[in-house]
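Predicted model, so just to flag it, every value in this text is computed and none were measured. Numbering starts at 1 and runs along the sequence shown.
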Amino acid sequence: MKMNKIYKSLGLLLALSLFSSCYKDHSVNGDHPLAVVEVAEPIASVQTATFGEVTVIKSPAYTITTGASVTPSYEWIVDGVVVSTEKDLSYSPTSYGKHDARLRMYTPDGSYFYRFTIDVPYRYVDGLYVLASNDGKTILSYLPGGEKTDAFDLDAFGRSNPTIDMTGDPQSMVIYRYVPGSGVSRGYLGISLGLPTRYYRVSADSLKVLTPRISFTNPVDFSHASGNQATVKEFFISGANLWEMERSATFPAKKQDDRLSRVASGYSLASAIVNWRALTGTRISEGIALFDNAGSNLLYVSFGWKGIVKKVRTFTTSATSGDTSEENPFKDMTLIDMKSAGEGNYTYNYTLLLLKRNTDNKYFVARLTAGDFAQSQNVDGATVSIVEFTEGTPTHLQPNLGGTAALVATADKVYFYNMANATATTHPAWISLPAGQTIASMALTSDNRLFIGANGTGTGLVGSIYSYNVAGITPVLLKSEEGITGKIKQIVYRQFNN
């Protein structure tokens, strides 16, 4: 037993001697202090870089533990790949998001490691997307919003997707948010263009195309998204019909056709879709609103399990007989534009319409709320406020945030119509753009900034963007970006913090 212990002790000493011989020994008499890197203060744990631009991350100041004149070697590793062996890292990100990174500084005697994160923020977060045509192609550009002062990003989509064929004129654009789970949110854009029509689903963060092209037989006159943010659907007006797709689908379908036909036979849908919500007691109803130009009917489609479709009517009770009569408040009218206001507010959720009466060529602005869908099978009773528009030929409509007023565009002017005052006879121009501009699209932010996309005459970069503060009685011009893009088709503002 004693001999066994001696053998074990000798084996341990032999193993230790072999292990120590792995180190390079420059010492005299077996005494070699290790010359390794000692960092006084590490670099910041999060480094911010800009997509597509070179960001320089400097290595930290250091000393060598022995005081020897030794220069360390460097290794910068990003997402598991060595990207540089220089003293300082010059890094040009090719993708957005957060990237795991590591710095290694080493001498023959040892290595210093430091882990950190390179954050490449999405550029397209709070700002204006501008869909336009230029030189026979569709272009999608971006104007940063909020406090940003970045320059207008012309054809940002083309730069992110150089292999996508964008030949043809733009048709429509939609933006929406998808929330797959708690704390997770993704922004999407949908772009329709060209003939034959193709539709691309795009990341609103990076402007990268996410799905292969989706084909439509007819032009897509209007694009929309609705439903719960976890189960959002895309809707389209194409060929005067309603088409829809799940967010991940690639084939559109006319799933509401039977329901619409039962209520509005021979319908022909105008190029507009809006969301609506209503609260009746403790019951919440929600869905989309459409306008049937063939029958002059405003149609509310409920997203309940029955998928109810109802046309709007007003009911008047006779003071003498007590009988109730039913009337279509939009008789003989066709729709020019339609928007919703107060989304998310169940009590004051308004639908606003801009209409033309074909019998006398007069124009009207109408406002109503979604009514009680329990009233009858096919009819939704509503109180409709209608004001005649007398300032020329209107083209676009934008409600104010509360839905109490309508901003109506005609050529180069915007008029303010107070929907609570149906007896007003004059409405002076609220906003007047420079002569020669024609308003193509409007967008209002939650902090009362009104963006107007307008086109000048001629070809090339004729599109301009004007922004106004409309929080007060008198609009205040914030900025004008003139002649910065092609002929504008549509603008949408991304502001998902509200």
Side-chain angles (χ1 to χ4, degrees), residues 22-24 26 32-127 141-164 183-187 202-210 494 497:
C22 294
Y23 289 91
K24 194 176 290 184
H26 301 289
H32 168 53
L34 297 179
V36 295
V37 172
E38 188 173 73
V39 171
E41 183 177 352
I43 62 176
S45 60
V46 177
Q47 300 285 331
T48 301
T50 302
F51 178 85
E53 298 180 8
V54 176
T55 297
V56 176
I57 302 175
K58 292 187 174 296
S59 60
Y62 69 90
T63 58
I64 300 297
T65 52
T66 61
S69 180
V70 176
T71 300
S73 298
Y74 294 84
E75 203 173 65
W76 298 87
I77 303 168
V78 180
D79 293 334
V81 177
V82 177
V83 295
S84 177
T85 56
E86 299 295 325
K87 180 176 184 290
D88 297 326
L89 173 62
S90 295
Y91 182 63
S92 179
T94 58
S95 60
Y96 294 96
K98 298 184 185 298
H99 303 271
D100 290 328
R102 186 176 68 168
L103 166 62
R104 178 190 177 208
M105 301 170 62
Y106 60 96
T107 67
D109 288 338
S111 297
Y112 163 84
F113 292 94
Y114 182 73
R115 298 181 69 93
F116 62 101
T117 297
I118 298 178
D119 183 17
V120 186
Y122 290 107
R123 181 175 184 182
Y124 312 106
V125 176
D126 182 355
S141 305
Y142 179 78
L143 180 65
E147 300 300 322
K148 298 179 183 178
T149 57
D150 299 9
F152 184 76
D153 194 349
L154 180 66
D155 195 18
F157 177 89
R159 191 172 56 258
S160 296
N161 304 274
T163 62
I164 299 295
V184 181
S185 178
R186 298 171 189 166
V202 180
S203 166
D205 296 322
S206 64
L207 293 188
K208 290 279 190 180
V209 169
L210 300 174
R494 183 185 187 187
N497 60 332

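- Of all heavy-atom pairs spanning Val120 and His99, the tightest one is CG2-CD2, 3.7 Å.
- Under the 3.5 Å distance criterion, the side-chain polar atoms of Thr117 are left unmatched by any main-chain donor or acceptor of Asp119.
- Annotation for Leu34 and Thr65: closest pair O-OG1, 2.7 Å, computed over non-hydrogen atoms.
- Here Ile77 contributes atom CD1 and Ser84 contributes atom OG; the two are 11.0 Å apart, rounded to the nearest 0.5 Å.
- Between Ala151 and Pro144, the closest heavy-atom pair is O-CD, 3.8 Å.
- No donor-acceptor distance shorter than 3.5 angstrom exists from the side chain of Thr48 to the backbone of Pro121, with no hydrogens or angles considered.
- Expressed to the nearest 0.5 Å, how far OG1 of Thr71 lies from OH of Tyr62 amounts to 5.0 Å.
- Contact of the Val39 side chain with the Tyr114 side chain is not registered, since no non-hydrogen atoms from C-beta on lie closer than 4.5 Å.
- Taking each heavy atom of Ser111 and Tyr106 in turn, the nearest pair found is OG-CB, 3.1 Å.
- Residues Ser141 and Asp153 fail the side-chain proximity criterion, which asks for heavy atoms closer than 4.5 Å.
- Of the inter-residue distances, the one linking Asn161 atom CG with Ser206 atom OG reads 8.0 Å to the nearest 0.5 angstrom.
- Ile57 pairs in a side-chain contact (heavy atoms from CB on, under 4.5 Å) with only one of the listed residues (Asp88, Leu103, Ile118), which is Ile118.
- In terms of heavy atoms, Glu86 sits closest to Trp76 at O-NE1, 2.9 Å.
- For the pairing with Tyr142, the ring pair (Phe, Tyr, Trp, His ring centres under 6.0 Å) check across Tyr124, Phe157, Phe152 returns one residue only, Tyr124.
- Residues Val36 and Tyr112 have side chains not in contact (no heavy-atom distance under 4.5 Å, counting atoms from C-beta outward).
- Side chain of Lys208 to backbone of Ser160: a donor-acceptor contact under 3.5 angstrom is found.
- The CZ atom of Arg115 sits 6.0 Å away from atom CG of Asp100, with the distance rounded to the nearest 0.5 Å.
- In this structure, Asp109 and Ala35 approach most closely via the heavy-atom pair OD2-N, 2.9 Å.
- Here the CE-CD distance, from Met105 to Glu38, works out to 11.5 Å after rounding to the nearest 0.5 Å.
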